[in-house]
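Okay, structure first, notes after.
Being a predicted model, the structure only gives us computed values, none of them experimental.
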Amino acid sequence: MGEFWKRLVFGFLFVVVVIGSIIIGKLAASLMLLIVVMMASSEIVNLFPHEQDKPLKNIVGCCSVMLYVFFVVLSGNLDSMESGIYIAPIFFFVPLIIALFSKKHDYVNIVGASWLSMIFVALPCGIMAMFYNEELMGIDNGWVLLIFAYILIWVNDIFAYLTGSAIGRHKLCPRISPKKTIEGSVGGAVFTMLFAYFINRFLLNVFLFDNLISNVEVLFLALGVVVFGTFGDLTESMMKRHAGVKDSGNIIPGHGGILDRFDATFMAMPFVFIYLLLI
């Protein structure tokens with residue numbers, strides 16, 4: 001199978017798994033995101049030099065899974081969520097305590113890998129589970145907005161790549177990601193905003209939400225997804241460049257690792273969640 005067809009087939013399967021689990025329900029989506037947290041945490045450890053061993057992966061993975069599960073549990077009840085938000089910071093002290101008693105691993109690597117995994121991976125995945133809270137979101141099908149946000153991220157990725165390949169001349173951030181161009185980013189933003197506008201006007205507000213998001217508000221939502229998604233992509237590229245690797249892993253043939261597929265999602269989804277609460 002050629003590289004193009006490999007990317008196409010496994011990219012399609014990836015979309016089916018993500019969207020399918022969200023449609024099935026909160027349990028399926030939570031399990032899918034739990035797997036994402038575990039795999040992405042393992043990949044983050046691999047990006048730390050000389051620390052690609054199982055004990056550290058277990059430490060980082062446990063810290064991230066604990067924080068993620070905590071937020072999934074909180075997502076089921078608004079009252080517990082309001083009080084639980086004050087407890088969440090305690091989880092960030094766990095790596096510090098573990099590092100104090102670790103004789104094998106460097107203190108910075110334990111704390112750095114754990115905090116990076118918890119902030120960049122576990123926390124955003126926990127926030128995604130909150131889209132299923134009807135009281136918090138104000139609607140009983142908030143998961144549709146979760147799918148909508150995923151699609152916007154993918155649309156931006158596709159059209160940024162196509163536009164950049166066609167007319168890209170000026171590098172966006174050559175120190176971190178030499179292939180990304182300003183023209184590609186602008187093209188991705190324009191197409192994503194147009195897509196969001198038409199989907200919101202002719203599908204979401206007609207059949208599902210009855211003007212939950214205005215056509216102007218959805219443009220700013222799409223723009224935020226593009227900006228924060230790009231930040232997420234560049235952040236992961238910076239980690240890989242520091243580690244001297246092309247991909248974070250090889251779990252998805254033709255696409256690399258879990259971090260490679262979810263990097264934009266990890267920064268874009270918290271923005272989407274907060275934006276929807278504010279409008």
Side-chain angles (χ1 to χ4, degrees), residues 14-37 67-86 88 121-157 189 191-229 232 262 264-279:
F14 170 77
V15 171
V16 169
V17 170
V18 172
I19 300 299
S21 63
I22 295 174
I23 293 174
I24 291 172
K26 182 180 179 180
L27 179 59
S30 298
L31 289 175
M32 181 268 293
L33 290 171
L34 176 62
I35 295 173
V36 169
V37 171
L67 182 64
Y68 168 71
V69 172
F70 178 75
F71 271 90
V72 171
V73 173
L74 287 184
S75 68
N77 185 278
L78 186 59
D79 293 332
S80 63
M81 193 182 304
E82 293 175 349
S83 58
I85 201 70
Y86 297 103
V121 176
L123 185 58
C125 287
I127 288 175
M128 285 184 237
M130 294 185 180
F131 278 82
Y132 286 91
N133 188 298
E134 298 177 11
E135 187 178 0
L136 181 65
M137 300 301 295
I139 50 177
D140 59 0
N141 49 1
W143 56 270
V144 176
L145 294 175
L146 182 60
I147 292 177
F148 182 48
Y150 266 110
I151 294 175
L152 291 182
I153 292 169
W154 296 333
V155 168
N156 178 55
D157 281 346
F191 279 103
T192 303
M193 293 171 73
L194 289 174
F195 177 85
Y197 176 85
F198 284 104
I199 292 297
N200 187 63
R201 180 174 182 178
F202 299 109
L203 182 60
L204 297 184
N205 282 338
V206 173
F207 298 103
L208 293 171
F209 295 129
D210 191 23
N211 296 316
L212 173 68
I213 311 175
S214 73
N215 293 322
V216 174
E217 289 169 339
V218 82
L219 291 177
F220 286 103
L221 173 67
L223 181 60
V225 166
V226 170
V227 172
F228 283 91
F262 280 90
T265 305
F266 291 147
M267 277 202 181
M269 284 302 181
F271 162 79
V272 172
F273 178 74
I274 295 172
Y275 183 81
L276 292 175
L277 294 184
L278 293 177
I279 62 175

Student check: side-chain heavy atoms of [X] and [Y] closer than 4.5 Å:
X      : Y      : value
Val72  : Leu34  : no
Leu276 : Phe131 : yes
Ile139 : Leu212 : yes
Phe148 : Val218 : yes
Phe266 : Val36  : yes
Phe273 : Met137 : yes
Cys125 : Phe71  : no
Val272 : Leu146 : no

Which value, rounded to the nearest 0.5 Å, describes the distance between [X] atom [atom1] and [Y] atom [atom2]?
X      : Y      : atom1 : atom2 : answer
Met269 : Leu123 : CE    : CG    : 14.0 Å
Glu134 : Asp140 : CD    : CG    : 5.0 Å
Thr265 : Phe228 : OG1   : CZ    : 14.5 Å
Lys26  : Trp143 : NZ    : CH2   : 15.5 Å
Leu152 : Thr192 : CG    : OG1   : 6.5 Å
Ile127 : Leu74  : CD1   : CG    : 11.5 Å

Would the distance check show the side chain of [X] and the main-chain N or O of [Y] forming a donor-acceptor pair, the cut-off being under 3.5 Å?
X      : Y      : answer
Asn200 : Ile213 : yes
Tyr132 : Ile22  : yes
Asn133 : Ser75  : yes

Atom of [X], atom of [Y] and distance for their closest heavy-atom approach:
X      : Y      : value
Ile24  : Ala28  : CG2-CB, 3.7 Å
Ala264 : Ile153 : CB-CG2, 3.9 Å
Leu67  : Ala122 : CD2-CB, 4.2 Å

Over 60° means perpendicular and under 30° means parallel, so tell me whether Tyr150 and Trp154 are parallel, tilted or perpendicular.
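Taking Trp154 first and then Tyr150, their aromatic rings sit tilted (interplane angle of 30° to 60°).
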Suppose we call two aromatic rings close when their centres sit under 6.0 Å apart. Are Phe271 and Phe220 close by that rule?
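Aromatic pair excluded; centres sit 6.0 Å or further apart.
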